[in-house]
Amino acid sequence: MMEFGPPLVTWERRLQTLVLLLWMLYLLLMGLIFLGVFVGLLFTRFWLLTVLYAFWWSLDRDKPRQGGRRVEFFRRWVIWKYMKDYFPVSLVKTAELDPSQNYIAGYHPHGVLGIGSFLNLCTESTGFSSLFPGICPHLMMLNLWFYLPFFRDSIMNMGLVSSDKESGTHILNKKGNGNLLGIIIGGAREILEASPGSYRLLLRKRKGFIRLALTHGASLVPIFSFGENDLFHQVQNFSGSWFHRVQNWLLKIIGLPFPLFYGRGIFQSSCGLMPYRHPVTTIVGKPIKVQKTLQPTEEEVNRLHQHYMEELCSLFEAHKLKFNIPADQHLEFC
């Protein structure tokens, strides 16, 4: 049965819904719309605009792998506050981050749309710079998005960079310290694990970030976002089903699994594509010191990887009861 929201809603609440709706439309549709405009202009009298942008793009093509184009003005837009308050999303510090060091922050879980990682690391809505003064965050994003004209420029303004080794190396080698490279370790594949009550993380075989940390001597920071997986439901995709096979095929071909997700509606809470108004609390753990090792052995990688998983588990166990997670519920690694 359809459940409608209260008839009298404050303007603050309406603005929260509007901002989040526009963000979702932008994320899910504008890349394709920009691509259509880019190609379509070639067949109009405005064809020169496409040619000029293509020329600029060729000069700027390496920028996503060279730290992007982080602009504080966009990160501090007031609209992000309304988006944050919709859930709300909050950021919790458990230890100091020394600005004389560089960091690789492993963010868990991905969730369906990565809303928590975006708000915490790509905007100032949750007060990242106030909590961690002197730390400059970047967040890796699937390379596919940087091949979309115009869209690529907007996401770089937020501090998003491409998800390849060259990109991470550039940030960790930047002049000065205090650089934090955020990586959603589970990647796009972990989207398929995102459903309410799920604590299954793709981490056991993910060791590239460990090698990167060892090579550059960057401290590792485990981050767990409680509530991230509770924002949407997904159409069930059991392993071995035809739907699951199609999603895995799409993942291999284009890097995205295209989950069929649903949440609440704009004016009702029964069904729709809007996320549920569920609190998301992101806990930043204590940094793990890493000794710089230019050519780490497999044993060194495995040892540090095991240490990281243990610290992530400790972070989860220390805080899970605050979020009504059963005492016998633990993280699952696959």
Side-chain angles (χ1 to χ4, degrees), residues 1-34 74-75 77-91 107-126 139 141-142 145 148 151 154-155 158 160 184 186 188 190-199 224-237 243 247 250 256-282 323-324:
M1 184 176 178
M2 193 74 71
E3 295 183 17
F4 288 91
L8 297 178
V9 178
T10 64
W11 278 108
E12 182 92 1
R13 196 174 174 90
R14 292 185 188 279
L15 279 172
Q16 293 167 8
T17 302
L18 176 61
V19 167
L20 184 58
L21 174 63
L22 292 175
W23 179 83
M24 289 185 63
L25 291 174
Y26 189 86
L27 179 67
L28 299 174
L29 298 177
M30 286 308 295
L32 293 176
I33 291 174
F34 281 144
F74 294 110
R75 289 174 53 85
W77 266 359
V78 69
I79 61 172
W80 306 130
K81 173 189 175 298
Y82 290 107
M83 182 173 166
K84 179 262 296 184
D85 289 341
Y86 174 94
F87 301 97
V89 178
S90 57
L91 184 65
Y107 196 99
H108 312 270
H110 186 293
V112 172
L113 295 180
I115 291 172
S117 58
F118 174 78
L119 285 172
N120 286 307
L121 298 180
C122 298
T123 81
E124 287 297 329
S125 62
T126 58
L139 179 64
M141 191 175 189
L142 190 66
W145 300 112
L148 297 173
F151 187 80
S154 65
I155 60 178
M158 310 305 298
L160 286 155
I184 305 177
E190 196 175 76
I191 294 174
L192 299 180
E193 305 293 338
S195 58
S198 173
Y199 300 99
F224 193 87
S225 204
F226 290 90
E228 186 77 50
N229 279 347
D230 298 322
L231 303 183
F232 295 98
H233 283 89
Q234 287 196 60
V235 173
Q236 291 187 340
N237 52 348
F243 182 42
Q247 287 180 313
L250 289 170
L256 285 173
F258 286 95
L260 291 181
F261 61 89
Y262 62 94
R264 57 166 294 151
I266 298 174
F267 302 108
Q268 45 77 26
S269 57
S270 299
C271 188
L273 292 180
M274 294 290 287
Y276 296 112
R277 284 181 175 268
H278 189 286
V280 176
T281 304
T282 304
F323 305 98
N324 299 317

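Positions are given from 1 along the sequence.
To the nearest 0.5 Å, atoms CZ (Phe232) and CE (Met274) are separated by 8.0 Å. Residue Ser225 holds its OG atom at 11.0 Å from NE2 of His108, rounded to the nearest 0.5 Å. Between the CG atom of Leu148 and the CH2 atom of Trp145 there is a distance of 6.5 Å, given to the nearest 0.5 Å.
Using a 4.5 Å cut-off on side-chain heavy atoms (C-beta onward), Ile33 and Phe151 make no contact. Looking at heavy atoms from C-beta onward, Met158 lies out of side-chain contact with Leu139 at the 4.5 angstrom threshold. Contact check for Thr281 versus Phe323: side-chain heavy atoms found under the 4.5 Å cut-off. Side-chain atoms of Tyr199 and Phe224, non-hydrogen and from C-beta on, do get closer than 4.5 Å to each other. Side-chain contact check for Phe118 versus Trp80: some heavy-atom pair is nearer than 4.5 Å. Contact annotation: the side chain of Leu231 never approaches that of Val112 to less than 4.5 Å [non-hydrogen atoms, C-beta and beyond]. With a 4.5 Å cut-off on side-chain heavy atoms, Leu113 and Leu28 count as touching. Using a 4.5 Å heavy-atom cutoff, the side chains of Leu192 and Gln247 are in contact.
Using modelled atom types, no side-chain atom of Gln234 and backbone atom of Tyr262 make a donor-acceptor pair closer than 3.5 Å. Proximity of a side-chain donor or acceptor of Asn229 to a complementary backbone N or O of Ala194 within less than 3.5 Å is not detected. Judged by distance alone, with hydrogens and angles left aside, the side-chain atoms of Ser195 form no donor-acceptor pair with the main-chain N or O of Ser198 at under 3.5 Å. With hydrogens and angles ignored, the 3.5 Å screen pairs no side-chain donor or acceptor of Asp230 with any backbone N or O of His278. A donor-acceptor pair under 3.5 Å links the side-chain atoms of Glu228 to the main chain of Gly116, judged by distance alone.
Shortest non-hydrogen contact noted between Pro257 and Leu250 is O-CD1, 4.2 Å. The two residues His110 and Glu190 make their nearest non-hydrogen contact at N-OE1, 2.8 Å. The shortest non-hydrogen separation linking Ala188 to Leu256 is CB-CD2, 4.5 Å. The two residues Leu20 and Pro275 come nearest to each other via the heavy atoms CD2-CG, 3.3 Å. When all heavy atoms are compared, the tightest approach of Leu273 to Met24 is O-CE, 2.9 Å.
Geometrically, Arg277 does not engage Phe87 in a cation-pi contact defined by less than 6.0 Å to the ring centre and at most 45° from the axis.
A salt bridge is absent between Lys84 and Glu124; no separation between the charged side-chain nitrogens and carboxylate oxygens falls under 4.0 Å.
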| query | Given Glu12 and Asp85, is the side-chain contact (heavy atoms from CB on, under 4.5 Å) satisfied, shown in steps? | reply | CA-CA 9 Å; Glu12 182 92 1; Asp85 289 341; 4.3 Å; yes
| field | side-chain contact (heavy atoms from CB on, under 4.5 Å) assessment of Phe261 paired with His233 | value | CA-CA 6 Å; Phe261 61 89; His233 283 89; over 6 Å; no
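Judged by distance alone, the side chains of Tyr26 and Ser154 do bring a donor and an acceptor atom under 3.5 Å apart. A donor atom on one side chain and an acceptor atom on the other are not found under 3.5 Å apart for Tyr86 and Thr17.
The side chain to side chain donor-acceptor pair (under 3.5 Å) pairs that include a residue from residues 113-122 are Asn120-Thr126, Asn120-Thr282, where partners are two or more places apart or lie in different chains.
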